[in-house]
S.K.: 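What follows is a single structure, and I will ask about it in a moment.
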Amino acid sequence: MDFRFTEEQEFFRATVRDAVDRLIRPQVQAIDEADAFPRELWREFANLGYMGLRHPEKYGGMEADVITSMIFFEEVARASCGFSMALTMQLLMGTYFVGRFGSEAIKERVLRPAITGQKIGTICFTEDQSGSDLAGTRTTATKQDGGWVLKGRKQWITNGPIADFCTVLATVDPAKGAEGLSFFLVEQGTPGFSVGQTLHKLGSHGSVTGELIFDGVFVPDENLLGEGPGNATRYLTGILNEVRVMTALNACAIANEAMTDAAQYARARVAFGKPIAQYELIRSKFANHWALYEAARLFAYKCAWMIQEQLDCQNECMLAKMLATEMCQSAVDEGCRIYGGNSFAMEYPQQRWFRDARFLLFGGGCHEVLQNALGAAYLRKGKS
Ligand SMILES: Cc1cc2nc3c(=O)[nH]c(=O)nc-3n(C[C@H](O)[C@H](O)[C@H](O)COP(=O)(O)OP(=O)(O)OC[C@H]3O[C@@H](n4cnc5c(N)ncnc54)[C@H](O)[C@@H]3O)c2cc1C
């Protein structure tokens with residue numbers, strides 16, 4: 001076993017950290033308060049080439065391995081959870097299906113400009129009546145000569161209000177449930193495609209989230225992403241594994257920021273004649289956090305390695321997401337307790353981590369749903 005990152009990965013982490021500290025960190029408070037998409041920052045990150053992290057060099061990408069991409073997701077989330085969400089949507093889910101199944105023409109028209117940051121992408125699963133339960137998808141795709149007609153609405157779409165293109169989950173046969181689902185590429189400007197309401201979120205400001213409307217949108221056959229209609233679920237495991245590990249490392253990043261900052265506060269804040277860092281009950285918070293943080297982060301990177309080695313790791317990725325996200329909820333809660341009343345002031349950062357961390361509970365799968373699947377898997381398991 002070797003727990004070290006490679007020299008290239010360490011160098012990559014240092015480079016990303018430098019960009020994050022220089023470009024994002026000074027603006028974090030302003031991004032949170034503006035609650036808007038920071039377009040100039042987006043351009044700066046695009047110019048650094050990161051938007052093509054996982055895509056082939058042929059289209060302008062970096063062709064980075066899975067672990068390297070997870071290092072990127074962890075580093076970016078250290079500064080701004082919201083901007084990191086906008087970026088990860090573009091790098092991972094928003095361009096995944098186009099990159100994997102798009103024709104050469106689609107890749108030139110959509111993927112290449114996404115890698116340069118000129119076009120913004122997203123993925124649309126969620127609807128008003130289906131979030132966790134994708135088999136309940138009501139957006140329909142009906143076959144017509146030369147293509148498909150999409151009808152439905154999608155909610156809670158990250159980058160949705162500013163998206164130039166989106167990968168839309170729709171059913172080609174509602175009677176078949178999950179077996180009837182397919183992904184379709186829809187581009188801005190296609191008749192019938194429009195943006196609905198933009199949502200005002202509790203946290204993760206810096207990404208914009210909203211509703212997308214598909215009112216009889218015709219797309220040509222080549223916009224069906226994947227082999228044949230009704231095959232979407234076949235491709236979901238691969239992308240969900242990566243999304244879950246990415247979410248786990250986002251959680252580690254936020255937790256680490258919150259508790260590092262809380263440690264600084266605890267050393268400086270005096271109560272009853274000495275710094276609160278000298279009280280055992282305060283010290284135990286850091287000890288407990290440290291243990292859970294190390295375990296969660298190590299396990300998340302183990303999962304990244306398993307994905308990279310193409311090992312079967314669906315359950316492990318769900319566990320990693322659950323473990324890290326719950327660890328993060330506890331860390332941001334403890335960080336606020338250490339700050340006392342000051343945690344309630346918008347001028348201090350603890351409240352932002354507290355708000356941002358809530359999203360991690362749903363992105364990549366709600367924990368109750370993961371627990372159902374994991375509990376069943378554990379009960380099926382033999383002795384290990
Ligand atoms: C900031 C933000 C950004 C998002 N971005 C996107 C995006 O870009 N694209 C996209 O498609 N979606 C996006 N989403 C939506 C997200 O994926 C969903 O919120 C998530 O899938 C959960 O679905 P839901 O909210 O409908 O909850 P529901 O599925 O309605 O669940 C509600 C509650 O019921 C529980 N529950 C559900 N089923 C079971 C069960 N079988 N057993 C026990 N408990 C159960 C859940 O655990 C949860 O506690 C985003 C959400 C947020 C908050």
Side-chain angles (χ1 to χ4, degrees), residues 31-32 35-37 77 80-98 120-139 150 152-171 177-178 181-184 186 195-214 225 232-233 235-236 239-240 242-244 246-247 250-251 254 318 321-322 325-326 328-329 352 354-377:
I31 291 171
D32 188 45
D35 191 9
F37 177 63
S80 164
C81 176
F83 186 61
S84 142
M85 273 174 68
L87 279 179
T88 51
M89 174 52 79
Q90 176 88 346
L91 269 62
L92 197 54
M93 299 85 86
T95 49
Y96 180 88
F97 289 96
V98 164
I120 296 176
T122 187
I123 199 158
C124 310
F125 295 110
T126 308
E127 302 179 2
D128 63 346
Q129 291 299 320
S130 64
S132 309
D133 177 19
L134 294 181
T137 297
R138 289 183 185 178
T139 297
L150 270 71
R153 296 169 97 95
K154 296 288 181 178
Q155 276 189 353
W156 280 107
I157 306 304
T158 301
N159 292 351
I162 50 167
D164 296 290
F165 65 95
C166 50
T167 302
V168 183
L169 186 70
T171 176
L181 298 172
S182 285
F183 288 108
F184 295 88
V186 177
V195 175
Q197 194 191 348
T198 298
L199 294 163
H200 296 293
K201 305 196 298 287
L202 174 71
S204 300
H205 297 166
S207 64
V208 284
T209 310
E211 184 188 30
L212 293 178
I213 300 163
F214 307 89
L225 300 172
T233 48
Y235 311 122
L236 274 175
I239 182 71
L240 281 178
E242 289 197 43
V243 168
R244 284 168 180 153
M246 177 268 286
T247 309
N250 279 186
I254 293 171
M318 286 194 268
K321 192 263 166 178
M322 219 168 67
T325 304
E326 294 295 350
C328 182
Q329 304 306 309
R352 176 165 48 80
F354 189 83
R355 287 183 287 114
D356 284 353
R358 297 302 296 178
F359 163 67
L360 302 169
L361 288 169
F362 323 118
C366 294
H367 290 195
E368 293 78 1
V369 176
L370 301 187
Q371 280 167 323
N372 266 345
L374 288 165

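Both counts, for ligands and for their atoms, begin at 1 and track the order of listing.
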S.K.: Do side-chain atoms of K321 reach the backbone of V243 as a donor and acceptor pair under 3.5 angstrom?
M.R.: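 Flag not set: sc K321 to bb V243 has no pair under 3.5 Å.
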
S.K.: Under a 4.0 angstrom heavy-atom cut-off, which atoms of ligand 1 come close to M89?
M.R.: 8 (O)

S.K.: Tell me if a side-chain donor or acceptor on K154 pairs with a main-chain N or O of T139 at a distance below 3.5 Å.
M.R.: no

S.K.: About how many Å separate OG of S182 and OH of Y235, when rounded to the nearest 0.5 Å?
M.R.: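 It comes to 8.5 Å.
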
S.K.: Backbone or side chain, does any N or O of T209 fall under 3.5 Å from an N or O of ligand 1?
M.R.: no

S.K.: For atom 3 (C) of ligand 1, grab the closest protein heavy atom and report residue, atom and distance to one decimal in Å.
M.R.: T158 OG1, 3.3 Å

S.K.: Yes or no: does G363 have any heavy atom under 4.0 Å from an atom of ligand 1?
M.R.: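 No.
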
S.K.: Would you say atom 28 (P) of ligand 1 makes contact with the protein, given that contact here means a non-hydrogen protein atom less than 4.0 Å away?
M.R.: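 Yes, there is a protein heavy atom closer to it than 4.0 Å.
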
S.K.: Does atom 1 (C) of ligand 1 have any protein heavy atom closer than 4.0 Å?
M.R.: yes

S.K.: If you have a sec, work out which protein heavy atom is nearest atom 15 (C) of ligand 1 and how many Å separate them, to one decimal?
M.R.: T126 OG1, 3.2 Å

S.K.: Are any of the N or O atoms of W156 closer than 3.5 Å to those of ligand 1?
M.R.: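 So ligand 1 has an N or O lying under 3.5 Å from an N or O of W156.
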
S.K.: For atom 21 (O) of ligand 1, which of C124, C81, G131 has the closest heavy atom?
M.R.: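 When every heavy atom of C124, C81, G131 is considered, G131 comes closest to atom 21 (O) of ligand 1.
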
S.K.: Considering only non-hydrogen protein atoms, determine which one is nearest to atom 31 (O) of ligand 1 and report residue, atom name and distance to 0.1 Å.
M.R.: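 Going atom by atom, the protein heavy atom closest to atom 31 (O) of ligand 1 ends up being S132 OG, 3.9 Å.
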
S.K.: Donor-acceptor pair, distance only, cut-off 3.5 Å: does the side chain of Q90 make one with the backbone of G121?
M.R.: yes

S.K.: Is any heavy atom of the protein nearer than 4.0 Å to atom 49 (O) of ligand 1?
M.R.: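 Protein heavy atoms within 4.0 Å of atom 49 (O) of ligand 1 - there is at least one.
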
S.K.: To the nearest 0.5 Å, what is the distance between CG on L212 and CH2 on W156?
M.R.: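 With rounding to 0.5 Å, CG (L212) is 13.5 Å from CH2 (W156).
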
S.K.: Is there a donor-acceptor pair under 3.5 Å between the side chain of R244 and the backbone N or O of M318?
M.R.: no

S.K.: Under 4.0 Å from atom 10 (C) of ligand 1, is there any protein heavy atom?
M.R.: yes

S.K.: I'd like to check which ligand 1 atoms, numbered from 1 as shown, lie under 4.0 Å from a non-hydrogen atom of I157.
M.R.: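 Close to I157: 7 (C), 8 (O), 9 (N), 10 (C), 11 (O).
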
S.K.: For atom 44 (N) of ligand 1, what's the nearest protein heavy atom and its distance?
M.R.: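 In this structure, atom 44 (N) of ligand 1 has E368 CB, 3.4 Å as its nearest protein heavy atom.
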
S.K.: Which protein heavy atom lies closest to atom 19 (O) of ligand 1, and at what distance to 0.1 Å?
M.R.: F362 CB, 4.1 Å

S.K.: Which heavy atom of the protein is the closest neighbour of atom 37 (C) of ligand 1, given with residue, atom name and distance?
M.R.: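 Checking every protein heavy atom, the shortest distance to atom 37 (C) of ligand 1 gives V369 CG2, 3.7 Å.
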
S.K.: Quick one: pull up CG in L240 and OG1 in T233 and give me the separation to the nearest 0.5 Å.
M.R.: 11.0 Å

S.K.: Heavy-atom contacts with F125 under 4.0 Å: which atoms of ligand 1 show up? List them by number with element.
M.R.: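 Reading through ligand 1 atom by atom, the close ones are 10 (C), 11 (O).
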
S.K.: Do side-chain atoms of H205 reach the backbone of D32 as a donor and acceptor pair under 3.5 angstrom?
M.R.: yes

S.K.: Look at the side chain of T167 and the backbone N and O of I123, then say whether any donor-acceptor pair between them is shorter than 3.5 Å.
M.R.: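 Answer holds: no.
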
S.K.: Answer yes or no: is there a donor N or O on one side and an acceptor on the other, between the side chain of S204 and the main chain of K201, under 3.5 Å?
M.R.: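 Checking the backbone N and O of K201 against the side chain of S204, no donor-acceptor pair under 3.5 Å is found.
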
S.K.: Does the protein put any heavy atom within less than 4.0 Å of atom 25 (O) of ligand 1?
M.R.: no

S.K.: Heavy-atom contacts with K201 under 4.0 Å: which atoms of ligand 1 show up? List them by number with element.
M.R.: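 Reading through ligand 1 atom by atom, the close ones are 1 (C).
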
S.K.: Taking atom CG of N159 and atom CZ of F37, what is their separation to the nearest 0.5 Å?
M.R.: 6.0 Å

S.K.: Hey, which atoms in ligand 1 end up nearer than 4.0 Å to a heavy atom of C366?
M.R.: 22 (C), 46 (C), 47 (O), 48 (C)

S.K.: Answer yes or no: does an N/O atom from N372 fall short of 3.5 Å to an N/O atom of ligand 1?
M.R.: yes

S.K.: Do any N or O atoms from the side chain of T88 and from the backbone of M85 form a donor-acceptor pair under 3.5 angstrom?
M.R.: yes

S.K.: Applying salt bridge (charged side-chain N to carboxylate O under 4.0 Å, His left out), can you list everything that pairs with R138, at least two apart in sequence or on another chain?
M.R.: none

S.K.: Determine whether a donor-acceptor pair (N or O, by modelled atom type, separation under 3.5 Å) exists between the side chain of Q155 and the backbone of T126.
M.R.: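 No, because the side chain of Q155 does not come within donor-acceptor range (under 3.5 Å) of the backbone of T126.
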
S.K.: Answer yes or no for H367: is there a heavy-atom contact with ligand 1 below 4.0 Å?
M.R.: no

S.K.: Give the atoms of ligand 1, by number and element, whose distance to some non-hydrogen atom of M85 is under 4.0 Å.
M.R.: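 Close to M85: 1 (C), 3 (C).
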
S.K.: Tell me which part of K154 gets within contact of ligand 1: side chain, backbone, both or neither, using heavy atoms under 4.0 Å.
M.R.: neither

